Amino acid sequence: MSKEVSEEGKTHHGKDYVDPPPAPLLDMGELKSWSFYRALIAEFIATLLFLYVTVATVIGHKKQTGPCDGVGLLGIAWAFGGMIFVLVYCTAGISGGHINPAVTFGLFLARKVSLVRALGYMIAQCLGAICGVGFVKAFMKTPYNTLGGGANTVADGYSKGTALGAEIIGTFVLVYTVFSATDPKRSARDSHIPVLAPLPIGFAVFMVHLATIPITGTGINPARSFGAAVIYNNEKAWDDQWIFWVGPFLGALAAAAYHQYILRASAIKALGSFRSNATN
Amino acid sequence: MSKEVSEEGRHGKDYVDPPPAPLLDMAELKLWSFYRAIIAEFIATLLFLYVTVATVIGHKNQTGPCGGVGLLGIAWAFGGMIFVLVYCTAGISGGHINPAVTFGLFLARKVSLPRAVAYMVAQCLGAICGVGLVKAFMMTPYKRLGGGANTVADGYSTGTALGAEIIGTFVLVYTVFSATDPKRSARDSHVPVLAPLPIGFAVFMVHLATIPITGTGINPARSFGAAVIYNNEKAWDDHWIFWVGPFVGALAAAAYHQYILRAAAIKALASFRSNPTN
């Protein structure tokens, strides 16, 4: 039960949160703000660090001398999920902490970022990913080249359809968690204290990696897959690359639709076909 | 020492226990929030079963002794996924994702009967769809590697499995009651800071203890979904354990929390004098 706030001049009709207005589609005004470029730099650096730590963990694991000498698939999943938690925590107030073109796409569909900002973020994320994996290659050249370069490919025994489905559902889980964590209604429920909203986002990434690493090495982040494919530059990595863009973007689309039209019931509210509890 | 708030009409407590949910509340059938909650429970349970059973099959499909995520990874998948999904759906449906939790909350009068029944149906359907997705994606290893179904492991008796399920579910539902207690909310200054986290950790802990015995049910929808899709004789033979155990555990947790920790009966009898600020 969210607390009700009665304020003069405001027609909150029993709600103590305000949905922000949709972001303008083309907002050229923000091109003149330093905060826009600071956000781009933050996304670039965050994605660079994300790819460096995670791909270095992958190569380090694969370099193991015995079957149980590396950090294991569990350790790799922790590297991805834990790093997202740390970086989203650091950049949430600066750029919104996307670090993932699929998340940016989902938030764009929900009108939370403008088209200009969305494109800027995606480019910065892809460039950051390339640089991050480039660092790993520079530091570990020989094992990097011999051990698959941390690239995402469809594993033996799985079809492309399975890989696509796994990427769609995995990204749905992630973007759905992002929407829940950033929902103004939830913020009101938490008395507007954004305590550790990044934690469930990091956990969502961790969980999806546990489930999907055997299938594709887990993309659910087109920048991550793109950065590894560019630096590794292997035929199979490029052949399968489309899965790691189509899947995540479809998953983000589904999550945006689910959150906006079912959970927030924006279409049904517009139709007025059900009477919602005014305080819920 | 919880802060004391002196307000008109209150006797030294800064929290209010919500009134018991009506047993039959047909009015809520007309609200969109009711159907939205059911959809949320369905989707959450679907995602829960997909990620967890996919993790189980992926682990069993490993090529060498440490080729998979390990039993620790499987436990993390269950516990972490409950944390994420309870976090996402807490404000929409209460984030049950488990018929045993729904049953426990129903016994504590926190949900009405139509809502409890609808949640359980949605959870079971979501579980079937979630495991169905795993089977669709990993057809061959799914069938070959046990389908993620819960069965009593070799070397353990049916009674042991039942006991493990009862205690495991007691831990989970007791944690849910503690996390959602209005008294605790007052202690936390009414900021529900990461209430889902201890619930997810409770699931994680119980999985660490119980995976060797039954693969860990403590969630009838999870066991039901896997049994339906795997459709194996042994899975169905043992299936009653994964409904009776969790429901008995939820009953015990509800009784413990309501009658001992919150002292509902003793307050009614007034045979002990409670500290009015406690």
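Chain A is the first sequence line, chain B the second, and so forth, proteins listed ahead of strands; every chain is numbered from 1. If you're wondering where the values come from, they're calculated on a predicted model, not measured in any experiment.
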What part of B:Ile39 lies closer than 4.5 angstrom to a heavy atom of chain A: side chain, backbone, both or neither?
both

If we define contacts as heavy-atom pairs under 4.5 Å, which of [options] has the most with chain A?
options                    : result
B:Gly64, B:Pro65, B:Ala136 : B:Pro65
B:Thr140, B:Val84, B:Leu46 : B:Val84
B:Val69, B:Val53, B:Leu72  : B:Val69

Check the surroundings of atom NZ in A:Lys63: do more than 12 heavy atoms from other residues, nucleotides or ligands lie under 6.0 Å from it?
no

Does any backbone or side-chain atom of [X] lie under 4.5 Å from a heavy atom of chain B? Answer side chain, backbone, both or neither.
X        : value
A:Phe172 : side chain
A:Phe206 : side chain
A:Ile76  : neither

Could you state the interatomic distance from CZ (B:Arg36) to CG (A:Leu263), rounded to the nearest 0.5 Å?
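Taking CZ in B:Arg36 and CG in A:Leu263, the distance rounds to 7.0 Å.
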
In this structure, OH of A:Tyr176 is separated from CG of B:Leu47 (nearest 0.5 Å) by 7.5 Å

Between [X] and [Y], what is the shortest heavy-atom contact and its length?
X        : Y        : result
B:Met81  : A:Met207 : N-SD, 3.4 Å
B:Met138 : A:Tyr158 : CG-CE2, 3.9 Å
A:Leu210 : B:Gly73  : CD1-O, 3.3 Å
B:Cys88  : A:Thr177 : SG-CA, 3.7 Å
A:Pro214 : B:Gly58  : CG-CA, 4.0 Å

Going by heavy atoms in the side chains, are A:Ile169 and B:Phe137 under 4.5 Å from each other?
yes

Based on non-hydrogen pairs under 4.5 Å, which of A:Gly165, A:Gly161, A:Ala163, A:Gly72 is most in contact with chain B?
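Of A:Gly165, A:Gly161, A:Ala163, A:Gly72, A:Gly165 has the most heavy-atom pairs under 4.5 Å with chain B.
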
Parallel, tilted or perpendicular: ring planes of A:Phe203 versus B:Phe83, cut at 30 and 60 degrees
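Answer is perpendicular, since the angle exceeds 60°.
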
